[in-house]
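Encoded as structure tokens, the structure appears first; notes follow it.
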Amino acid sequence: MKRREFISLVGGAAIAWPLAARAQLPSLPVVAFLNGGQPDNAAPNAAAFRKGLSEAGLVEGRNVTVEYHWFAGQYDGVPALVAELVRRRVAVIASPGFPPGALAAKAATATIPIVFGVGDDPVKLGLVASVARPGGNVTGINFFVHELISKRLGLLRELIPKAARIAVLVNPANTDAAEATVKGARQVAPTLGMQILAFDAHTIDEIDAAFAAIARERADALLVAGDSFFGSRRGQFATLAARDRLPTISAQRETVEAGGLMSYGTSVPDMFRQVGIYAGSIVKGAKPADLPVLQSTKFEFVINLQTAKALGLEVPPSLLARADEVIE
């Protein structure tokens with residue numbers, strides 16, 4: 001089966017099943033869950049979202065229906081799907097860790113509630129009027145992916161003092177995140193004596209091709225941009241980085257658990273849980289305009305010591321002491 005046919009089948013099933021369920025249980029509100037990754041690699045995040053719903057008093061299949069729409073990196077289909085959700089007047093559109101979904105939803109409706117989880121400033125993105133008073137039909141959580149780029153580059157410098165050529169891999173389909181990552185890296189790089197080499201990828205094959213190009217350019221290390229599709233491909237990233245002996249740092253600890261070298265960022269599963277809480281609260285009657293945008297407060301620094309040893313890197317004791325978790 002061709003990849004695009006598979007994605008279409010998954011999307012069709014995701015839409016058709018809830019319609020049949022609603023025919024039997026017409027009173028159940030529908031929460032549309034949008035994500036750019038793949039379901040087989042995002043089960044913990046989906047479970048965290050359901051946990052958030054349960055904390056708000058909702059149980060999937062009992063008093064709420066959740067439609068899961070996984071785009072697997074194919075972001076060009078987002079506007080059409082969102083238009084269909086708006087036409088059907090779902091109860092809430094939730095887009096945790098997927099800015100293209102939140103932005104498409106905001107462009108499509110001013111009435112259906114939208115709950116986002118974004119790594120950039122939601123005011124700058126145009127999602128809300130302010131953090132404290134979002135106004136309108138949109139609210140969510142900012143989990144600070146792009147604001148921490150300087151910190152990640154600094155950690156690379158501390159671990160690999162001679163690293164000068166730093167590859168930055170972004171998903172061009174996630175436009176705002178890609179631009180913010182490259183711009184932020186290029187602003188910080190001169191102060192650290194680094195040169196930034198930007199690379200794009202938005203499919204599995206393009207990730208392979210990007211690593212080949214990074215190897216040709218002889219990059220000393222890789223910074224992976226925050227993106228839900230990239231997160232779902234963490235195993236592929238770890239395998240390619242090990243093959244090419246390329247030190248990597250990202251925002252998600254899950255990438256380090258899969259074999260990546262380092263991560264620094266907030267808890268992604270907790271962001272999904274918070275989006276679930278807000279989505280559930282809105283289904284129960286809360287207004288998005290009355291729910292302030294939440295901001296992540298816990299930051300985690302994770303090092304995979306086994307990966308460091310495989311790369312021939314000696315992690316300074318000072319760096320190990322600051323790590324929230326060391327995977328051995």
Side-chain angles (χ1 to χ4, degrees), residues 33-52 68 70-73 94-99 101 117-120 141-149 151-152 155-156 159 168-171 174 177 181 201-202 204 207 210-211 221-243 246-276 296-308 310-311 315 322-328:
F33 172 102
L34 311 183
N35 191 262
Q38 296 174 298
D40 52 341
N41 291 318
N45 291 338
F49 178 77
R50 288 190 293 272
K51 186 176 187 296
Y68 297 94
W70 305 93
F71 289 92
S95 191
F98 188 43
V118 297
D120 205 350
I141 179 169
N142 178 11
F143 60 107
F144 299 112
V145 172
H146 312 305
E147 288 91 335
L148 302 176
I149 291 170
K151 179 69 174 181
R152 295 186 193 104
L155 289 169
L156 280 176
L159 177 59
V168 176
L169 183 57
V170 301
N171 184 345
N174 193 350
T181 299
H202 78 285
I204 293 173
I207 293 173
F211 268 83
L222 168 66
L223 185 151
V224 181
D227 177 75
S228 54
F229 176 60
F230 282 0
S232 73
R233 300 303 307 168
R234 55 189 175 272
Q236 180 184 10
F237 275 92
T239 299
L240 293 171
R243 181 199 68 188
L246 182 66
T248 64
I249 188 166
S250 68
Q252 299 181 3
R253 66 174 294 134
E254 292 81 5
T255 303
V256 181
E257 292 170 350
L261 177 61
M262 293 192 295
S263 69
Y264 184 81
T266 55
S267 170
V268 172
D270 188 63
M271 176 272 293
F272 274 78
R273 183 184 68 86
Q274 294 284 0
V275 171
S296 296
T297 57
K298 181 182 178 181
F299 301 90
E300 299 177 319
F301 173 36
V302 183
I303 302 176
N304 190 317
L305 201 56
Q306 184 176 3
T307 300
L311 292 170
V315 182
R322 299 206 310 274
D324 296 284
E325 181 177 351
V326 177
I327 298 174
E328 305 208 38

Can you give me the closest heavy-atom contact between Gln252 and Gly231, atom names plus distance? OE1-CA, 3.5 Å
For Glu300, give me all partners under side chain to side chain donor-acceptor pair (under 3.5 Å), at least two apart in sequence or on another chain. Arg253
When rounded to the nearest 0.5 angstrom, what distance separates CZ in Arg152 from OG1 in Thr181? 8.0 Å
Find out whether Phe230 and Leu169 are in side-chain contact, i.e. whether some heavy atom of one side chain is under 4.5 Å from a heavy atom of the other. yes
Applying side-chain contact (heavy atoms from CB on, under 4.5 Å), can you list everything that pairs with Ser296, at least two apart in sequence or on another chain? Ile141, Phe143, Phe144, Thr266
Partners of Phe211 by ring-ring contact (aromatic ring centres under 6.0 Å, His included), sequence neighbours excluded? Phe237
Test item: Asp120 side-chain N/O and Ala177 main-chain N/O as donor-acceptor pair under 3.5 Å: no
Heavy atoms, side chains only, cut-off 4.5 Å: are Ile327 and Gln306 in contact? no
For Asn45, which residues count as a side-chain contact (heavy atoms from CB on, under 4.5 Å) partner, sequence neighbours excluded? Val268, Pro269, Phe272
Does the side chain of Leu159 reach to within under 4.5 Å of the side chain of Val315, using non-hydrogen atoms? yes
State which residues pass side-chain contact (heavy atoms from CB on, under 4.5 Å) with Ser250; sequence neighbours excluded, sorted by chain then number. Val224, Thr255, Ser263
Leu261 and Pro247 have their tightest heavy-atom pair at CD2-CB, 3.6 Å
With heavy-atom distances below 4.5 Å as the criterion, would you say the side chains of Leu156 and Met262 are in contact? yes
All side-chain contact (heavy atoms from CB on, under 4.5 Å) counterparts of Gln236, not counting sequence neighbours: Ile204, Ile207, Asp208, Arg233, Leu240
Can you see which heavy atom on Met271 is nearest to which on Pro96, and at what distance? SD-CB, 3.8 Å
Quick check: closest heavy atoms across Ala323 and Val326, and the distance to 0.1 Å? CB-CG2, 3.9 Å
Donor-acceptor pair, Asp324 side chain versus Phe301 backbone, under 3.5 Å? yes
